[in-house]
Number of protein chains: 2
Amino acid sequence: MISKTCGYAIRAIVLLNEHPGEKLGVVQIAEQLGIPQHFLSKVLKDLAKHQLISSVKGPHGGYFSNQTTPNASLIDIIHVIDGLGVLNKCFLGKDRCSQTNPCPLHNEFEKSRQYLFEVFRNRTISQLNLSDAHNLI
Amino acid sequence: MISKTCGYAIRAIVLLNEHPGEKLGVVQIAEQLGIPQHFLSKVLKDLAKHQLISSVKGPHGGYFSNQTTPNASLIDIIHVIDGLGVLNKCFLGKDRCSQTNPCPLHNEFEKSRQYLFEVFRNRTISQLNLSDAHNLI
DNA sequence: TTAATTAAAGATAAAAGGGTCTTTTATTCT
DNA sequence: AGAATAAAAGACCCTTTTATCTTTAATTAA
């Protein structure tokens, strides 16, 4: 449903939020999370463009959490990375799937979608954390 | 989570099951469901290879439901088309995501996965039906 | 003000998922 | 037997997603 790219974004922003006041470089984040460096670079750039995180270039630069970071919801991130459309897509890939023109599993999936939507809407970054294990990959 | 291809398979097998004792050609099914014909052809072939449906070649041939069709579970279909691996994949795309090494949303997602797993395990083809609407696409 | 550093941006490429087209094989009917 | 029909099989292509590599621009420190 949500893309791998969006998963990268969520894990990265959670990491940044766990290090308030600290600047982390792309290389650093990528290594800790096991994400391709240059690919992550674009993801972080997008998050920064939408003010979900901040960045400074140059020596001792990097990405860091700002005021909005901890209170950002997962929906905010999904919105930036995937677009909100992904949350309504039929799990069976039926192009036009709705209450009046449902796929064979519409009701079952709807329940699941609604649950996930609430999670994405309610959970903020500050409520999440990476694994306590050292292996963040 | 489950592929668009698997969605095609499920919708097609439900359609066949709704026409017991009747042979339907690929073209017919593809048109009714709005699925690319030749692509669907491969999907049906795979379902037939695993005996979830049957087929006969030649004039008046086509695909049709057999004894196992109505009692097949969604898991059976997912198994053939996507492989059961798709049901365990982390929604954030984290490569190694587990209880001991969880992604930031592991518990939330686990709940959703378990619910869907039960649906896929319990629902049989005969319990499903296509939209009553004429527009099956 | 120059060198070093790091994010930003852009160009390309690899991989995966879907989709199309053509040929082959089995079956049925004349 | 031959023609017609429909699934099976195979080759190929397109699009999207993910990944890599290179260049540019901003910032800092010496």
Side-chain angles (χ1 to χ4, degrees), chain A residues 1-9 11-13 16 22-31 33-66 78 80-83 85-86 89-95, chain B residues 1-9 11-12 16 22-31 33-66 78 80-83 85-86 89-90 92-95:
Chain A
M1 187 201 6
I2 78 179
S3 70
K4 194 172 182 180
T5 304
C6 196
Y8 288 162
R11 293 202 286 142
I13 200 171
L16 285 170
E22 201 174 329
K23 295 196 200 83
L24 301 182
V26 176
V27 181
Q28 219 175 136
I29 301 172
E31 273 175 4
L33 300 179
I35 300 173
Q37 180 188 136
H38 292 94
F39 190 74
L40 178 62
S41 169
K42 297 180 189 172
V43 175
L44 293 174
K45 177 202 61 181
D46 288 342
L47 292 178
K49 183 158 62 183
H50 291 83
Q51 283 87 43
L52 294 177
I53 56 177
S54 296
S55 70
V56 294
K57 290 182 178 181
H60 305 113
Y63 287 97
F64 56 99
S65 65
N66 59 30
I78 293 171
V80 166
I81 304 296
D82 285 338
V86 295
K89 280 207 304 193
C90 174
F91 286 11
L92 291 188
K94 188 165 183 283
D95 284 335
Chain B
M1 186 203 2
I2 78 179
S3 70
K4 195 171 182 180
T5 303
C6 195
Y8 289 160
R11 293 203 286 141
L16 285 171
E22 200 174 329
K23 295 197 199 79
L24 302 183
V26 176
V27 181
Q28 220 174 136
I29 302 173
E31 271 175 7
L33 300 180
I35 300 173
Q37 180 189 136
H38 292 95
F39 190 73
L40 177 62
S41 170
K42 296 179 193 175
V43 175
L44 293 174
K45 177 203 61 183
D46 288 342
L47 291 178
K49 184 158 60 183
H50 291 83
Q51 283 87 42
L52 294 178
I53 56 178
S54 297
S55 70
V56 294
K57 291 182 176 180
H60 305 114
Y63 288 97
F64 55 99
S65 66
N66 59 30
I78 294 171
V80 167
I81 303 296
D82 286 338
V86 297
K89 280 207 304 193
C90 173
L92 291 188
K94 187 165 184 284
D95 284 335

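Model, not experiment: these values are computed from the prediction. We name chains A, B, ... by the order of the sequence lines, and we start the count at 1 in each one.
By the side-chain hydrogen bond (donor to acceptor under 3.5 Å, both in side chains) test, B/Glu22 is found to be paired with B/His19, residues two or more places apart in sequence or in another chain being considered. Every residue meeting the ring-ring contact (aromatic ring centres under 6.0 Å, His included) condition with A/Phe39, not counting sequence neighbours, appears here in chain and number order: A/Tyr8. Partners of B/Gln28 by side-chain contact (heavy atoms from CB on, under 4.5 Å), not counting sequence neighbours, listed by chain and number: B/Leu24. The side-chain hydrogen bond (donor to acceptor under 3.5 Å, both in side chains) search around B/Ser3 returns B/Asp82, not counting sequence neighbours. Considering only residues two or more places apart in sequence or on other chains, B/Phe64 meets the ring-ring contact (aromatic ring centres under 6.0 Å, His included) condition with none of them.
Put simply, CD1 on A/Ile81 is 18 Å from P on D/dT16, counting in whole angstrom units. The interatomic distance linking B/Leu24 (CG) with D/dT5 (P) rounds to 18 Å, in whole Å. Counting to the nearest Å, the C1' atom of C/dG17 and the CG atom of A/Leu92 are 17 Å from each other. As a whole-Å value, the separation of B/Leu33 CG from C/dG18 C1' is 17 Å. The CD-P distance, from B/Glu31 to D/dA6, rounds to 12 Å in whole Å. When rounded to the nearest whole Å, the span between CZ of A/Phe64 and P of D/dT27 equals 12 Å. The interatomic distance linking B/Gln37 (CD) with D/dA9 (P) rounds to 17 Å, in whole Å.
Taking each heavy atom of A/Gln37 and A/Ala30 in turn, the nearest pair found is CA-CB, 3.7 Å. B/Ala12 approaches B/Leu40 most closely through the heavy-atom pair CB-CD1, 4.1 Å.
Regarding contacts with the backbone of C/dG19, a side-chain N or O of B/Tyr8 is found under 4.0 angstrom from either OP1 or OP2. For D/dA19, the OP1/OP2 oxygens have a side-chain nitrogen or oxygen of A/Lys4 closer than 4.0 Å.
At the heavy-atom level, B/Val27 lies nowhere under 4.0 Å from the strands shown.
Nearest-nucleotide mapping onto DNA chain D: of B/His60 and A/Thr5, the residue sitting toward the 5' end is B/His60.
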Distance-only criterion, 3.5 Å: show the donor-acceptor pairs between side-chain atoms of residues 42-54 of chain A and protein atoms not counting sequence neighbours.
unit_1	atom_1	unit_2	atom_2	d
A/His50	ND1	A/Asp46	O	3.0
A/Gln51	NE2	A/Lys49	O	3.2
A/Ser54	OG	A/Asn66	ND2	3.0

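Between A/Ile35 and A/Arg11 there is a side-chain heavy-atom pair separated by less than 4.5 Å.
For the segment residues 38-56 of chain B, the set of residues with a heavy atom within less than 4.0 Å of an atom of DNA chain C comprises B/His38, B/Phe39, B/Lys42, in numerical order.
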List every contact pair, protein side and nucleotides 24-26 of chain C side both N or O, where the distance is under 3.5 Å.
unit_1	atom_1	unit_2	atom_2	d
C/dT25	O2	B/Lys57	NZ	3.4
C/dA26	O4'	B/Lys57	NZ	3.3

